[in-house]
Amino acid sequence: MVTWSDVERAEPELAQTVRALLDARRHKTIATLRADGSPRISGIEAAIKDGELTFGSMPNARKGADLRRDPRFALHSATVDPVEGAEAQWPGEAKVSGRAIPASAGSDGDLFRVDIAEVVHTHLNPDASMLVVEWWTPTTGLRRTERG
C-alpha cells in the first residue's frame, strides 16, 4: 500500500503543493465507478492525517457502495479560476487516484484509507503561457509535461 507518507518521502515539494491544494477547501470531488462501469461524481471531504489520506461516506451512500464494489477512484481538489491579469499566481489543481481500502464501517458511515496510484498537480508556468502537468506514481516517479 502506498500512503501519503510515501509520497512525501519520494517527492516532498509535490506532496506539499498537492496537500495545500487539498487542504485549501473543505469540499472536494470524487469519481467512482457505478455497477455498470459508468462514472459517478460526488462531493466528498478528505483528510491527510498521520501520513495517510482518508475519506468517508455517509451511511447507505452510493459512493460508498461504489467503492466497496470497485475500489478505484479519482479525487479532485476544489477548483478556482485563474484571476484575469494574474494568471501566473493561479495555484492550480490537485488530483489523487488509487484504491479505497475500507478502514471501518458502521452506523456513522464508511471510512476509507487510500492506496495511492497517482498524484497530479496541474498549474501554469511562471509567465502563464503554458499548462504544466506534474504527476508522480510509485513505479515511474515524477514526470512533467508542458502544453501550449
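Heads up: numbering here begins at 1 and tracks the sequence.
- Although no hydrogens or angles enter the test, the distance criterion places no donor-acceptor pair under 3.5 Å between the side chain of Asp115 and the main chain of Met1.
- The shortest side-chain heavy-atom distance between Phe112 and Thr54 does not fall under the 4.5 Å cut-off.
- Residue Ser57 holds its OG atom at 9.5 Å from CZ of Arg62, rounded to the nearest 0.5 Å.
- Cluster annotation: Ile116 and Val120 are assigned to distinct hydrophobic clusters (Ile/Leu/Val/Met/Phe/Trp/Tyr, side-chain heavy-atom contacts under 4.5 Å, transitive).
- When the shell of 6.0 Å around CD of Glu45 is examined, it contains more than 12 heavy atoms from other residues, nucleotides or ligands.
- Salt bridge annotation for Arg72-Asp70: present, with a cationic side-chain nitrogen under 4.0 angstrom from a carboxylate oxygen.
- Enclosure of atom CG in Asp127 by more than 12 non-hydrogen atoms of other residues, nucleotides or ligands within 6.0 angstrom is indicated.
- Side chain of Lys63 to main chain of Leu33: no donor-acceptor pair is present (N/O by atom type, distance under 3.5 Å, no hydrogens or angles).
- For CZ of Arg25, the number of neighbouring non-hydrogen atoms (other residues, nucleotides, ligands) closer than 6.0 Å is 12 at most.
- A 4.5 Å side-chain heavy-atom check between Leu53 and Thr3 finds every atom pair outside the cut-off.
- A side-chain contact (heavy atoms from CB on, under 4.5 Å) with Lys95 is found for one member of His121, Lys28, His76 and no other, namely His76.
- Here Asp110 pairs with Arg68 in a salt bridge; the nearest charged N to carboxylate O distance falls below 4.0 Å.
- Separation of the Phe73 and Phe55 ring centroids falls under the 6.0 Å cut-off.
- Listed for the Arg19 side chain is no donor-acceptor partner under 3.5 Å among the backbone atoms of Ala15.
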